[in-house]
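Each chain gets a letter, A, B and so on, in the order its sequence line appears, and its residues count up from 1. Only this structure's heavy atoms are used, side chains among them; waters, hydrogens and symmetry mates stay out.
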There are 2 protein chains.
Amino acid sequence: MQCFIHPDIKDVTLEAVLYALADPARRAIVRALAADRACEGAGLSCHAAAPPDLPKATVSQHYSKLRAAGVVRATRKGVSVIHTLRCDELNAKFPGLLPAILEAVEA
Amino acid sequence: MQCFIHPDIKDVTLEAVLYALADPARRAIVRALAADRACEGAGLSCHAAAPPDLPKATVSQHYSKLRAAGVVRATRKGVSVIHTLRCDELNAKFPGLLPAILEAVEA
DNA sequence: TTGTTTGTTCAATTAATCGGAACAATCGAA
DNA sequence: TTCGATTGTTCCGATTAATTGAACAAACAA
């Protein structure tokens, strides 16, 4: 099994989080994960949270950046990789940032 | 005189704002402009708000992106170009976003 | 073992960024 | 007006990053 590497919250930088969330595809993923969380979901597979029509290699790279930035956490569940938002940790480290971005009305 | 083009606040996108603020040099500029504003300053010249040691061409490009994203406004004052943060407009359109980023502790 | 599903990694193309050099705008002084 | 100094901008080549098809890997069921 391949282990996913997640940064400790103390090593998460505003830099990386903003870069990660600046991309519309990654923001769509994060929005889907936030919605899932609000519905008491237990996380979503890569495909489930990603915008359709994106090549899977691209989707995979986006998740990779989100994990490296400390925005999401991944665990393997069978053949799928389940991602969850690191919501509480992020909100403790960067108060108000995630809500401000998620609640913003996109163009 | 060269006129600077600034998007109407209604055309400012989260996309562009996040891309603009994802860069550390541009964030440093925005922090300097926010500090100037807090001290009732009337704006800062390009060089005054930019981190030192950056080539002026690079600094100019950063300001260009900040203007295009709708984050700052520019007016020429003699030989200088004075920039100010579009603070109130941004906060009305994306509530809490700018404060969350400005108040975040950088790595 | 074989086939299916879900993601990752590799490698090549494409796009964006950086920064030196030349150019432009403004102003003060001769 | 003309020259020089100051402050930014634009151009363009070089470096760097993002995208994605194709091959590979991991888990599971039959």
Side chains of B:His6 and B:Arg86: any donor to acceptor distance under 3.5 Å? no
Sugar-phosphate, base or nothing in reach of B:Val81, heavy atoms under 4.0 Å: sugar-phosphate
Please classify the nucleic acid contact of A:Ser80 as base, sugar-phosphate, or nothing, using heavy-atom distances under 4.0 Å. sugar-phosphate
Flag yes if B:Ile82 and B:Val59 sit in one hydrophobic cluster, no otherwise; membership is Ile, Leu, Val, Met, Phe, Trp, Tyr, and two members link when side-chain heavy atoms are under 4.5 Å apart. no
When you measure from the side chain of B:Cys46, which nucleotide among C:dG7, D:dG8, C:dA25 comes out closest? D:dG8
Would you kindly check whether a donor in the side chain of A:Gln61 faces an acceptor in the base of D:dT20, or vice versa, at under 3.5 angstrom? yes
Does a side-chain heavy-atom distance below 4.5 Å link A:Val81 with A:Phe4? yes
Please report, rounded to the nearest Å, how far the C1' atom of D:dA18 is from the CG atom of A:Leu54. 13 Å
Whole angstrom is fine here: how far is it from OH in B:Tyr19 over to P in C:dT17? 9 Å
What is the distance, rounded to the nearest whole Å, between atom NE2 of B:His83 and atom C1' of D:dT7? 12 Å
Hey, is the main chain of B:Leu102 close enough, under 3.5 Å, to the side chain of B:Arg31 for a donor-acceptor pair? yes
Is any side-chain nitrogen or oxygen of A:Ser60 closer than 4.0 Å to OP1 or OP2 of C:dT9? no
Looking across every strand, which nucleic acid part, if any, lies under 4.0 Å from B:His62 by heavy atom: base, sugar-phosphate, or nothing? sugar-phosphate
Select one nucleotide: of D:dG21, C:dG7, D:dA26, the one nearest the side-chain heavy atoms of A:Val79. D:dA26
Length of the line joining B:Lys56:NZ and C:dG20:C1', which is rounded to integer Å: 10 Å
Take the protein atom CZ of A:Arg26 and the nucleotide atom P of D:dA17, then report the distance between them rounded to whole Å. 14 Å
Phosphate-side-chain proximity, A:Ser45 and C:dT6, N/O vs OP1/OP2 below 4.0 Å: no
Assign A:Lys65 to base, sugar-phosphate, or nothing according to its heavy-atom contacts below 4.0 angstrom with the strands shown. sugar-phosphate
In whole angstrom, give the distance that lies between atom CZ of B:Phe4 and atom P of D:dT7. 15 Å
Can you tell me how far C1' of C:dT5 sits from NZ of A:Lys77, to the nearest Å? 17 Å
Does A:Val17 reach the side chain of A:Leu90, with side-chain heavy atoms less than 4.5 Å apart? yes
Could you tell me the separation between the CD atom of A:Glu15 and the C1' atom of D:dA17, rounded to a whole number of Å? 14 Å
Given C:dT8, is OP1 or OP2 found less than 4.0 Å from the side-chain N or O atoms of A:Arg76? no
